[in-house]
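The structure appears below as C-alpha cells.
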Amino acid sequence: MPLHLYNTLSGKVEEFAPSQDNTVRMYACGPTVYDYGHIGNFRTFVAVDILRRFLRQSGHKLQHVMNITDVDDKIIRNAARDKKTVQEYTRKYEEAFLEDMGSLNLERPERLVRATEHIPAMAEFIAALEKKGFAYRTEDGSYYFRIAMFPEYGKLSKKDFGGMETGARVDVDEYEKDNARDFALWKSPKEGEAFWESSIGPGRPGWHIECSVMSMKYLGDSFDLHAGGEDLTFPHHENEIAQSEALTGKIFSRHWMHVRFLLVEGEKMSKSAGNFFTLRDLLVKGHKPSSIRFLLTSVPYRKQLNFTMAGLEQAAKSVERLRTFAARMRMMRLPAGTNPAAQEAAAKARREMRAGMEDDLNTAYASAAVFDMVREMNTLADHGELREGDKAPSLEVLELFDEIFAVMKDDDADKMKAAMEWAREHGLVGEAAKTISDEEVNRLIEERNAAKKARDFARSDALRKQLADGGIVLEDTKDGTRWKRK
RNA sequence: GGCGCGGUACCCAAGUGGUAAGGGAGAGGUCUGCAAAACCUUUAUGCGUCGGUUCGAUUCCGACCCGCGCCUCCA
C-alpha cells in the first residue's frame, strides 16, 4: 500500500507518490523570523517532519525546500524601530528557530532558503508577469497581481470569485488597485524603512511572491507537494498558485497539505488570552522536548489538537513507557530461542504501524500499534515466555517507530539545560537547579548496590533519595539497576 | 453571511453498516527488603440530540444543539 494523503486541492484523500526519480519534491512554508517560534508554529513543522520522515522510511528520496521569511512588513517596521538592519534583526530569530528545530528533532530540509537572497529573481518574476498582463504597476511603483486574469483563482480555498472582471465596479477601498482583491507583488518603499533596488524599481517583495520564486527555482515549475498551516490556504497559497500558474501555464504543486491549528487549553492561542507559549517558554518551565514532540504528533495533523499542560504530562508518561520498555528489552537476559507469539506481536505492530501512517499519516493509530506490542511483550516477559531471539524484532519495531516519531533517545536533559542557559543569559530565570553527571550517577548507584548487598537498606535508601533529589529515578531489576532522568 | 472541521468513558484519542483500539488517570491485586517498573482485573449496553433508511447504525441520510477554524500577510 502506498501513502494516501488528503489533498486540499481536490478535497479528497489521494494516493501520493513523487512524479519522477522516486524523489519527492516538496516545499513547506517556513517561519517568519520576527520572534521566537511558538508551539502552534511547531505543530505545523512537526507534521511536515513526520511526513518527510515517513516518505524516507518508505524508500523515497527527498528534495525538501523550506523558506525563511526574513522580510515582511512587521520585520521592516521592527528593525526600523530598533535601529537595526533587517539582517541584524532577523538573524538572531533565525538562529533561534534552527536551535528549536534541533530541540524537537526536526530534520533539516535539504534546502533552507532566505527570501532576502532571492530578491532579483522575484523582480524578474514580477516583470515576466507584467509582460503577460497578469501584473500591473501602480503610480507609486508598487506591483499588483490582476486576479481577474486568472479564472481559476479560488480553486484551492474553494472560494467563488465569479463575476469579478477587469474594470468591474466593485467596492474598492484601495483606489489604486484595479480590483480590491488584487494582491501586492511588490511594494514601493516607505519613508524611513528598508527597501531593495531591483530591475523593477526600488521596494520590497510581497509575501506570496517569495514562495513562488523560491519553490520553483529549486523544485521546478511543477512539483509534488506544498505544505503549510491551514491559515495559509487563503490567501497565501491561493496567491502562489495564481502567480506561478499564470506565468508557466503549468500545474504549480500537485498536492497541498494543510495542518490544522492547535488550541491551547481549549482556546485559540493568543498573547492577549495568556495562553501563548513559545517552545522556549515550555522548556524553561521544565517540559521535555520529547513530551512536546510526542503531544504534537499524537493527534493526526488534520484534527484540531488541544494543547494542554495535562496533555504534556500524559505525553511524558507515554514516552517514558516506551523508553522503559526499550531499556528492559536491552537489559533482560533470556533463554535462547524464539517465541512465535512474540514474533507475531512484533510483525503485527510493524504492519499496523505502517498501515496507520499510510492512511493519511494516522499517527494515533500507528503509535497505538506500538503500545499494543509493548504490552504483549511485557506480558510474555513477566510470564517468562520471552526468548532471546524475540528482543531484536521488538527493538526493530521501536526503531522504525522512532525513525518517524523521534522521541526515544533520552537527550532531553541536555536540551533543557541549553534552554535554561539561554533563559539565564536573557535574564528570564534565576540559577538553574544543579544537575548530576552521568559518571556521578553511576558511582552513586554502585555505592548503593554495595550497601544493598550488605543489607544496609538505610544507607541504600539514603543514596536513592540523594539521586532522586537530583532528578534521577532508579529501577532495580533482576538484571541490574536502571536509571533515568525525571 | 460564505466555505470547512469536529462532538466517542474522568482526560487525550482511534475506528467500523454487525455490535467500541491505544495512552493517561482512578480502584483492587501480583511481584519486590522498600520503591520503581511491569503484569492482571476493573471504569462507555454506550459513541451530542431527535427522526429516517436497514435484519441491524456510533458508523449512511435529514433536522437541530454545541464547539472550533478560515474568509484580516496569525503555523
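Worth saying up front: this structure is predicted, and the values here are computed from it rather than measured. All values below were derived from every heavy atom in this structure, side-chain atoms included, with hydrogens, water molecules and symmetry-related copies excluded. Sequence lines set the chain letters: A, B, ... in the order given, protein chains first and strands last, and positions in each chain run from 1.
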According to a strict under-4.0 Å criterion, is [X] in side-chain N/O contact with OP1 or OP2 of [N]?
X	N	answer
A/K303	B/C68	no
A/T379	B/C40	yes
A/R321	B/A38	yes
A/R181	B/U72	yes
A/N41	B/A75	yes
A/R375	B/G22	yes
A/K268	B/C70	yes

Return the 5'-most residue of the pair A/P300, A/V374 with respect to RNA chain B, ranking by each residue's nearest nucleotide.
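It is A/P300, whose closest nucleotide lies nearer the 5' terminus.
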
5'-most contact on RNA chain B (nearest-nucleotide basis), A/T324 vs A/F42, goes to A/T324

Before we go on, tell me: are the rings of A/Y301 and A/Y6 under 6.0 Å apart, centre to centre?
no

Can you tell me which nucleotide in [options] comes closest to the side chain of [X]?
X	options	value
A/K484	B/A75, B/G24, B/A37	B/A37
A/N362	B/C39, B/A14, B/G33	B/A14
A/F261	B/G69, B/A21, B/G15	B/G69
A/F371	B/A75, B/A37, B/G22	B/G22

Find the distance A/F405:CZ to B/G23:P and express it as a whole number of Å.
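In whole Å, B/G23 P and A/F405 CZ are 14 Å from each other.
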
Atom C1', compared across B/C47 and B/U19: separation rounded to whole Å
12 Å

Is the closest side-chain donor-acceptor distance between A/Y365 and A/E352 under 3.5 Å?
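Per modelled atom types, A/Y365 and A/E352 side chains form a pair under 3.5 Å.
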
Contact class for A/G311 vs. all strands (heavy atom < 4.0 Å): base, sugar-phosphate, or nothing?
nothing

Under a 3.5 Å distance rule, please check whether A/N339 uses its side chain to pair with a backbone N or O of A/E385 as donor and acceptor.
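Present.
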
